[in-house]
Novice: 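Below you will find the structure I want to go over with you.
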Amino acid sequence: MQLTDLTMLELAAKLAAGEVSSEEATRASLARIQQVDPKVRAFLRVDEAGALAAARASDVRRKSGSPASALDGVPLGLKDIFLTEGVETTAGSRILEGFVPPYDATVVRLLKEAGLPLVGKLNMDEFAMGSSNESSAFFPCHNPWDVSRTPGGSSGGSAAAVAAREVFGALGTDTGGSIRQPAALTNTVGLKPTYGRVSRFGVIAFASSLDQPGPMTRTVADAAALLQVIARPDARDATSADAPVPDYSADLEAGVRGLKLGVPREYFTEGMDPEVEAAVREALREYERLGATLVDVSLPHTKYALATYYLIAPAEASSNLARYDGVRFGLRAKDARSLRDVYALTREQGFGAEVKRRIMLGTFALSSGYYDAHYLRAQKVRTLIREDFTRAFQQVDALLSPTSPVPAFKLGEKVEDPLSMYLMDIYTLPCNLAGLPGLSVPCGFTKAGLPVGLQILGRPFDEAGLLRIARAYEREHDFFRRSAPL
Amino acid sequence: MPVSDFQPVIGLEVHAQLLTQSKIFCGCSTAFGAEPNRNTCPVCLGMPGVLPVLNQRVAEFAVRTGLALECTIRPTSVWSRKNYFYPDLPKGYQITQFDQPICEHGRLVIDTPQGEKTIRILRIHMEEDAGKSVHDAGGGQSLVDLNRAGVPLLEIVSQPDLRDADEAVEYLKSMRDVLVYLGVNDGNLEEGSFRCDANVSVMPKGSTTFGQRCELKNLNSFRFLKQAIEYEIARQVDVIESGGKVVQETRLWDVNKGVTRSMRSKEEAHDYRYFPEPDLPPLHVSAEAIDAAAKALPELPRAKLQRFISQYGLPAYDARILTAERPLADYFEACAGHYKDYKKLSNWFLGELMRLLKEEGTPLSALRFTPAQLGALLGAVDQGTVSANAGKDVLGEMFRTGKAPADIIAEKGLAQVSDTGAIEAVVDDILAKNAGEIEKYRAGKKQVFGFFVGQVMRAMKGKGNPALVNELLKKKLGD
Ligand SMILES: [Zn+2]
């Protein structure tokens, strides 16, 4: 086994035992990137100097017997949506090419304080708008399990880098499934925390009321450990929750005996790949064998979730992206002759097609005369969707479903058909609309060897419950030991 | 129809910068006059990834203002985004309040020639200020200064209850007094920390349907407000008289030409695409917080004016000046605790004290003497210890040195001579030397009396008690 095959916690144990140094682990990670990333293209930027400096500092702490945290020294990757002081951050967009942030996102600061070397910035759909990583302004990312296929999106680079053993773990963001869907497509664990659980300060905004950063790892225990570092109230984020942070690892092995797990019938519908359905149904039976009770539940407003999401998210995005105007940072169109030109040409040249499509959608949804029929109505439906979940959670402890209706699809397959791309998020985005925590855990492979993910949705702030349920399954099937055929 | 056949209808939107130390959504200083872009940070620069966090003082100031203007305070108010592109608007939207503002349905009473008039307040909301664009900075460039971006503002919108330019000016002055009294705004029109837009329309007298309104901007003095409204009323009447229609538009007051000119029409107006600000939770104000703010509310200018008239028996003229600014009113009341002839005290305030403050450019807060010392000085004048004229010199000395009045009188030998024997001796001496003048006086030339007073006072180096001097002279001259 190579050093890079270790999970975060396995590496942490070796670091603690003095069997390996952080510098060795970081160098192994950098070497692996050099080896496989030409095929995977998960990285937009590698910060070798920064990562090695952090690793050496970690080793010094370790030697002096004062590690900064349980994960001190474990190299990590960051989706390029997290602002990193002094390291270019683009959100996968031309409009931010060359933008070097003057400050760290809160989660980046927390990771640095915990001693984790940050090896680089990971590929993503432009401004997190996409489900295949193909809207990245720079290059698409490839799925390590089949490089002709997408790793999913928008945190495709994070998922692919973790799956390809380039990093031990990564952070992604999830607005409509952008952590869970790529995790499902790459045999990794992706956790989207409750809205407000993790600070959004310094995370480039796509849709403010939906965005949430979270861990992407190879195992459930790693996800718990990484969430432990980043989950905390932040005075710089007014939507950050003041809720106490539990020990996410405490009940990890407690099993599911006696738990009631809901199976929402609206999440098992036509259009689902038969192999995905088979794998998920098998996982459901596994939970029964492990002592949980499956309960048939209904979330009747699920059918409106996609339409609701594609009004609210673009509306917020159209406003959030107004600041990219060529005046203060990032791209300014060189041929601009007037103020109007600065705006029009900069945004014309700086934004890709998908971003423009969503800005147009959102601007329309908020326009005077259309606001009530679109944005306002969407907010009302959002409330109904949230109430569906509230009712369901009066009956059950968590909900189980497929994460993605299909396994990884071919790059280029859906690029010309935005609607079929949007349908990729049909099982993941209701959770964002309701602000709930959601997790995707590997639950097998198709005959062609493509990973399938099981989604677990929970009550607000019950990340510990989701992790425990996911771990119960993972313990029976260590899919995470399989490595991608690179 | 002449202008007099039309009824103007005016509403004002006041924008008041709040006197908080830091900006509304970040920790940057609000100080005026710093080097461009010095008072900025990633948040108020609208950098990617930043989030706003409300400065609670802003909400406190809004509640205080709302209560002073008799508004209803919303227990839950909502932040909204107002979207438009402008180089001095870093995020491409302004965070403001839209359909659920913090204060609504208030009123402000003003004085008009016809008596008191209540102007209804439609709403008060909080918002962030934009930066400042500097055009023609050379090289065909425009520059942007974001020091002001994120400075907290209150927007106070009146109902269209004002009927002429004078009422509008009176309303704006009263509003400024209230805000300054509350300590939430500095009332400075020139620096733009207190500014207003006016909505003006005209309708035929007797009509109940308002005419089409125009919004006037760039009204940065009371004089400009009056001139712009008067010009605009005349312009709109002209348009109607000549068979035209007033079109809804935004018009700019041109200070140099003394006219309003079109800035943008309704068609060119922005669609601001307001929607609730997802980065800020709704603002909750508890009933307890409102109660506490109400209890802590200072006495407002109008109430203070009425009280100065009734409690101190002052003429309205005096009371108005004394209550125009809260520090002066407070100081007057402090002095009134040490000196009970309030009218005389007021005279000293309006005369000597305000002259000294103005001449020396000293703020009231920097006065070097205490109210008790001023009271002691006026008491000394009343008792004849020092003459009124010498008293003024003593006050000047107190102003400059902070010494006690008794010490100054002693040091400078300003004490008045009220010893009858001493004065009588001088009077006798003067009369003895001026037998010829006595003849003239007795022959009916009464103005010679002044000559005798002058001689006595000169002999006594101005320290003779004038009342005694007069009395003794009259007695000796046999009146
Ligand atoms: Zn700032």
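Computed from heavy atoms alone, side chains included, the values below leave out hydrogens, waters and symmetry copies. Below, chains carry the letters A, B, ... as their sequence lines are ordered, and counting in each starts from 1.
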Novice: Grab the two heavy atoms, one from B/V53 and one from A/A238, that are nearest each other, plus how far apart they are.
Specialist: CG2-N, 4.3 Å

Novice: Would you mind telling me which of B/V144, B/L45, B/L89 has the largest number of heavy-atom pairs within less than 4.5 Å of chain A?
Specialist: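 Greatest number of close heavy-atom pairs with chain A: B/L45.
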
Novice: Under 4.5 Å from any heavy atom of chain A, what part of B/L54 do you find: side chain, backbone, both or neither?
Specialist: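 Answer is neither: B/L54 stays 4.5 Å or more from chain A.
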
Novice: Counting only non-hydrogen atoms closer than 4.5 Å, does A/L339 touch chain B with its backbone (N, CA, C, O), its side chain (CB onward), both, or neither?
Specialist: side chain

Novice: So, for A/P101 and A/V87, which heavy atoms are closest and what is the spacing to 0.1 Å?
Specialist: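 Of all heavy-atom pairs spanning A/P101 and A/V87, the closest is CD-O, 3.2 Å.
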
Novice: Taking side chain as everything from C-beta outward and backbone as N, CA, C, O, which of these in B/P42 sits under 4.5 Å from a heavy atom of chain A? Side chain, backbone, both or neither.
Specialist: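 It is the side chain, since no backbone atom gets that close.
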
Novice: For A/L110 and A/R232, run side-chain contact (heavy atoms from CB on, under 4.5 Å): C-alpha distance rounded to whole Å, both residues' side-chain angles, the deciding distance at 0.1 Å, then the answer.
Specialist: CA-CA 9 Å; A/L110 292 172; A/R232 63 191 59 189; 3.6 Å; yes

Novice: Testing the basics here: between B/A149 and B/C44, what is the closest heavy-atom pair and its distance to 0.1 Å?
Specialist: O-CB, 3.6 Å

Novice: Dump the intermediate steps for side-chain contact (heavy atoms from CB on, under 4.5 Å) on A/I204 and A/F127, then the final yes or no.
Specialist: CA-CA 8 Å; A/I204 294 177; A/F127 284 104; 3.7 Å; yes

Novice: Between these two chains, chain A and chain B, I want each donor-acceptor atom pair under 3.5 angstrom written on its own line with its distance.
Specialist:
| from | atom 1 | to | atom 2 | distance (Å) |
| --- | --- | --- | --- | --- |
| A/Y103 | OH | B/P48 | O | 2.8 |
| A/Y103 | OH | B/V50 | N | 3.3 |
| A/R200 | NH1 | B/D279 | OD1 | 3.2 |
| A/R200 | NH2 | B/D279 | OD1 | 3.0 |
| A/G202 | N | B/G49 | O | 2.7 |
| A/S208 | OG | B/D279 | OD1 | 3.3 |
| A/S319 | OG | B/R81 | NH1 | 2.9 |
| A/S319 | OG | B/N83 | OD1 | 2.8 |
| A/N320 | OD1 | B/R81 | NH1 | 2.8 |
| A/N320 | OD1 | B/R81 | NH2 | 3.1 |
| A/R323 | N | B/K91 | O | 3.4 |
| A/R323 | NH1 | B/G46 | O | 3.4 |
| A/R323 | NH1 | B/M47 | O | 2.9 |
| A/R323 | NH2 | B/Y93 | OH | 3.1 |
| A/R328 | NE | B/L45 | O | 3.0 |
| A/R328 | NH1 | B/P90 | O | 3.4 |
| A/R328 | NH2 | B/P90 | O | 2.5 |
| A/Y343 | OH | B/Y86 | N | 3.4 |
| A/S368 | N | B/D271 | OD2 | 2.8 |

Novice: Can you say whether A/F99 sits under 4.5 Å from chain B via the side chain, the backbone, both, or neither, judging by heavy atoms?
Specialist: side chain

Novice: For the residue pair A/P213 and A/P193, what are the closest heavy atoms and their distance?
Specialist: O-CD, 3.0 Å

Novice: Quick one, A/V203 with A/V198, criterion side-chain contact (heavy atoms from CB on, under 4.5 Å). Give me CA distance, side-chain angles, the key distance, then yes/no.
Specialist: CA-CA 11 Å; A/V203 183; A/V198 176; over 6 Å; no

Novice: Check each atom of A/A235 against the heavy atoms of chain B and say whether the ones under 4.5 Å are side chain, backbone, both or neither.
Specialist: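 For A/A235, backbone heavy atoms alone lie under 4.5 Å from chain B.
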
Novice: Test A/L83 against B/M47 for side-chain contact (heavy atoms from CB on, under 4.5 Å), laying out the working first.
Specialist: CA-CA 10 Å; A/L83 263 59; B/M47 286 273 183; 5.6 Å; no

Novice: With a 4.5 angstrom heavy-atom cut-off, is it the side chain or the backbone of A/L96 that approaches chain B, or both, or neither?
Specialist: side chain

Novice: Measuring from atom CG of A/L118 to atom CG of A/L76, what distance do you get when rounded to the nearest 0.5 angstrom?
Specialist: 6.5 Å

Novice: Checking A/F329 against chain B: side chain, backbone, both or neither under 4.5 Å from a heavy atom?
Specialist: side chain

Novice: Looking only at non-hydrogen atoms, find the nearest pair between A/L171 and A/S158 and report the distance.
Specialist: O-OG, 3.1 Å

Novice: Need one label for A/A207: side chain, backbone, both or neither, based on atoms under 4.5 Å from any heavy atom in chain B.
Specialist: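 Neither part.
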
Novice: Top residue by heavy-atom pair count (under 4.5 Å) with chain A, among B/P48, B/P87, B/G92, B/P278?
Specialist: B/P48

Novice: Report the distance from atom CD of A/E354 to atom CG of A/D125, rounding to the nearest 0.5 Å.
Specialist: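 The CD atom of A/E354 sits 8.0 Å away from the CG atom of A/D125.
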
